[in-house]
There are 2 protein chains.
Amino acid sequence: MKTPREDTARTRGKLLAAAGEVFAEKGFRDTTIAEISMRAGANIAAVNYHFGSKEILYSEAWRHAFAKSLQAHPPDGGVAADAPPEQRLMGQIMALLRRISDKDNRAFWFMHREIANPTGLLTEVVREEIMPLRQRTESVVRELLGLCVNKREARFCEMGIVSQCINPMVVRSRLNQGGKEYDGPFRIDDIEAYARHVVSFSLAGIAAVRAVAEARRVKRKTKTAGKGGRP
Amino acid sequence: MKTPREDTARTRGKLLAAAGEVFAEKGFRDTTIAEISMRAGANIAAVNYHFGSKEILYSEAWRHAFAKSLQAHPPDGGVAADAPPEQRLMGQIMALLRRISDKDNRAFWFMHREIANPTGLLTEVVREEIMPLRQRTESVVRELLGLCVNKREARFCEMGIVSQCINPMVVRSRLNQGGKEYDGPFRIDDIEAYARHVVSFSLAGIAAVRAVAEARRVKRKTKTAGKGGRP
DNA sequence: CGATATTTAAAACAGTCATTTGAAATTGTC
DNA sequence: GACAATTTCAAATGACTGTTTTAAATATCG
């Protein structure tokens with residue numbers, strides 16, 4: 001075996017980039033190797049030569065896109081780990097919205113297409129890539145919620161916050177693409193504004209959930225204390 | 001032309017129901033007429049005989065599903081039109097969550113598949129069916145927000161609230177379906193609880209947005225008043 | 001140069017599926 | 001009960017899509 005040439009790295013890279021584009025745009029099934037090769041300026045046999053199969057290319061393109069997206073927009077949003085939780089939440093929300101809206105990052109759209117049409121990679125990627133991100137958010141949320149709030153409520157909060165970021169971006173990408181805007185709440189420069197909105201909206205929501213839980217706790221304590229209490 | 005037989009209505013109905021199932025499950029492209037006919041217990045030629053084409057069947061199945069879903073879960077959630085806005089919001093959120101989670105209602109899944117892979121019907125259905133629902137929610141939200149809040153903020157609120165309902169249900173349907181639950185925040189009987197969470201979380205968020213806007217308004221007024229005011 | 005790596009165009013291969021057809025069965029009506 | 005229209009059926013049509021392989025040509029490195 002001779003040393004691999006430099007062409008290899010170049011072509012592989014171009015295929016990976018083109019595959020990222022097309023897979024994110026159309027999903028696994030609706031993407032053709034022909035289109036990927038064309039966009040990469042390579043021959044139709046290149047994918048099988050360099051990657052072995054469409055499946056393998058898909059998997060590598062997804063991981064590649066994910067890594068790039070996390071590198072471009074670190075999950076903490078540039079906020080220091082010892083900053084107050086409100087600011088860390090802001091950082092995470094900004095980072096998430098930027099990851100999604102960044103036109104050079106396809107990782108989110110892979111995810112979106114997988115949720116619509118799972119290929120089998122989904123569960124693996126969710127466990128390895130998504131869960132750590134969600135847990136990071138959940139832990140900030142728990143900090144803000146205090147100790148009286150139960151686990152289910154904390155999950156609900158985290159889910160709701162992330163959903164506020166994800167769903168509007170998905171809808172926007174579909175409905176605003178025909179040139180005309182729908183009822184146009186969203187331009188690209190609104191994303192910062194939307195992030196601020198989500199943060200203040202959610203902080204208030206969190207505070208309310210916390211207040212309810214603490215009131216419940218106090219009431220229960222008073223009650224049981226009157227009856228003699230419990231060890 | 002003789003009078004149409006009774007078979008016609010029966011077969012048409014069975015095809016419509018089966019088409020609803022399969023289209024919602026797989027989307028337009030991945031659905032085959034063969035499968036629809038099979039599930040309906042009809043011959044493969046039945047679709048073309050009764051509807052003319054796959055496209056027409058798709059369109060009719062979607063509208064049928066939409067009508068059924070609105071009928072089963074009216075948008076106001078059974079809350080009177082003169083009830084306080086907090087309760088009306090609760091009703092709308094409950095109705096939305098029930099529409100989505102009801103296993104006999106496919107309308108939401110048509111929508112979901114269309115957003116992933118638009119067929120051309122999407123924009124029409126959004127304009128005719130979705131927009132009225134969103135406006136209904138937006139108007140309750142505006143009521144709760146008061147007059148100081150600008151249009152963009154109101155949109156952000158409405159978007160966020162609806163997103164909190166939609167996104168978790170989508171994710172749940174994909175990740176919990178392999179038998180194993182993921183990190184299992186969601187069982188079916190939790191939907192009422194989640195609805196209550198979304199309502200109290202969002203009411204607090206709305207109140208906060210309102211408070212900020214009103215504070216801003218007061219500050220501006222004081223300032224301009226000091227400088228002589230404006231008519 | 002020569003051995004190996006890469007690119008290429010073309011072909012092979014392996015399907016998929018909506019729609020049509022013409023005959024057979026069914027049903028409402030006279 | 002027979003006619004005529006309606007509906008069902010199995011099979012065929014016909015057109016299309018797209019991955020992977022092949023074998024020859026070309027480029028590159030040592």
Side-chain angles (χ1 to χ4, degrees), chain A residues 1-62 110 113 116-117 119-121, chain B residues 1-62 110 113-114 116-121:
Chain A
M1 203 198 291
K2 249 190 180 170
T3 57
R5 288 208 244 140
E6 218 187 284
D7 298 0
T8 272
R10 210 181 32 240
T11 308
R12 258 188 75 101
K14 282 195 299 181
L15 284 172
L16 228 38
E21 277 181 36
V22 189
F23 280 134
E25 210 172 281
K26 313 195 169 179
F28 181 80
R29 225 201 114 157
D30 290 355
T31 293
T32 66
I33 285 190
E35 180 163 10
I36 292 173
S37 317
M38 210 194 60
R39 285 210 209 180
N43 185 272
I44 192 173
V47 166
N48 280 280
Y49 179 76
H50 286 280
F51 292 91
S53 74
K54 189 184 173 187
E55 264 93 356
I56 297 171
L57 173 61
Y58 180 74
S59 166
E60 300 219 0
W62 192 355
F110 270 85
R113 298 230 90 93
N117 296 77
T119 64
L121 258 188
Chain B
M1 204 198 291
K2 252 189 179 170
T3 58
R5 289 208 239 142
E6 216 186 289
D7 298 359
T8 273
R10 209 180 34 238
T11 308
R12 258 188 77 101
K14 282 194 300 181
L15 284 172
L16 227 40
E21 276 179 37
V22 187
F23 280 135
E25 210 173 282
K26 313 196 169 180
F28 182 80
R29 223 201 115 157
D30 290 355
T31 294
T32 65
I33 284 191
E35 179 163 9
I36 292 172
S37 316
M38 211 195 59
R39 286 212 209 177
N43 185 272
I44 192 173
V47 166
N48 279 281
Y49 178 76
H50 286 281
F51 293 91
S53 77
K54 189 184 174 186
E55 265 92 357
I56 297 171
L57 173 60
Y58 181 74
S59 165
E60 300 220 359
W62 192 356
F110 270 86
R113 298 230 90 94
E114 277 285 327
N117 296 79
T119 63
L121 257 188

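From a predicted model like this one, the values you see are computed outputs, not experimental measurements.
Note that CG of B:Asn48 is 11.0 Å distant from NZ of B:Lys54, once rounded to the nearest 0.5 Å. Going from atom CD1 of B:Ile44 over to atom OG1 of B:Thr32 covers 7.5 Å, rounded to the nearest 0.5 Å.
Contact annotation: A:Thr11 reaches the phosphate of C:dT7 (side-chain N/O to OP1 or OP2, under 4.0 Å). OP1 and OP2 of D:dT17 both lie 4.0 Å or more from every side-chain N or O belonging to A:Thr32. Of the side-chain N and O atoms in B:Asn43, one or more sit less than 4.0 angstrom from OP1 or OP2 of D:dA10.
Contact annotation for A:Ser37: no contact, since no heavy-atom pair falls under 4.0 Å across all strands.
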*Before giving the answer on side-chain contact (heavy atoms from CB on, under 4.5 Å), spell out for A:Arg12 and A:Glu60 the whole-Å C-alpha distance, their side-chain angles and the decisive distance to 0.1 Å.*
CA-CA 11 Å; A:Arg12 258 188 75 101; A:Glu60 300 219 0; 2.9 Å; yes

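Rounding to whole angstrom units, CZ of residue B:Arg12 and C1' of D:dT6 are separated by 15 Å. One atom, CZ of B:Arg10, and another, P of D:dT8, lie 8 Å apart when rounded to the nearest Å. Distance B:Phe23 CZ to C:dA18 P: 9 Å, rounded to the nearest Å. A:Ile36 places its CD1 atom 12 Å from the P atom of D:dG18, with the value rounded to the nearest Å. Atom-to-atom, CZ of B:Arg29 to P of C:dA18 comes out at 11 Å; the value is rounded to the nearest Å. For the pair B:Asp30 CG and C:dA18 P, the computed distance is 11 Å after rounding to whole Å.
Between A:Ile44 and B:Ala34, the residue whose closest nucleotide on DNA chain C is further toward the 5' end is A:Ile44.
Counting only heavy atoms from C-beta outward, the side chains of B:Asn117 and B:Arg29 never approach each other to under 4.5 Å.
Considering all non-hydrogen atoms of both residues, B:Leu57 and B:Leu16 come closest at CD1-CD1, 4.0 Å.
Although no hydrogens or angles enter the test, the distance criterion places no donor-acceptor pair under 3.5 Å between the side chain of B:Arg39 and the main chain of B:Ala19.
Of the residues in residues 45-56 of chain B, those lying under 4.0 Å from DNA chain C by heavy-atom distance are B:Ala45, B:Asn48, B:Ser53, B:Lys54.
Ring-plane geometry between A:Tyr58 and A:Phe23 is classed as perpendicular, the angle between the planes exceeding 60 degrees on a 0 to 90 degree scale with a lower cut at 30.
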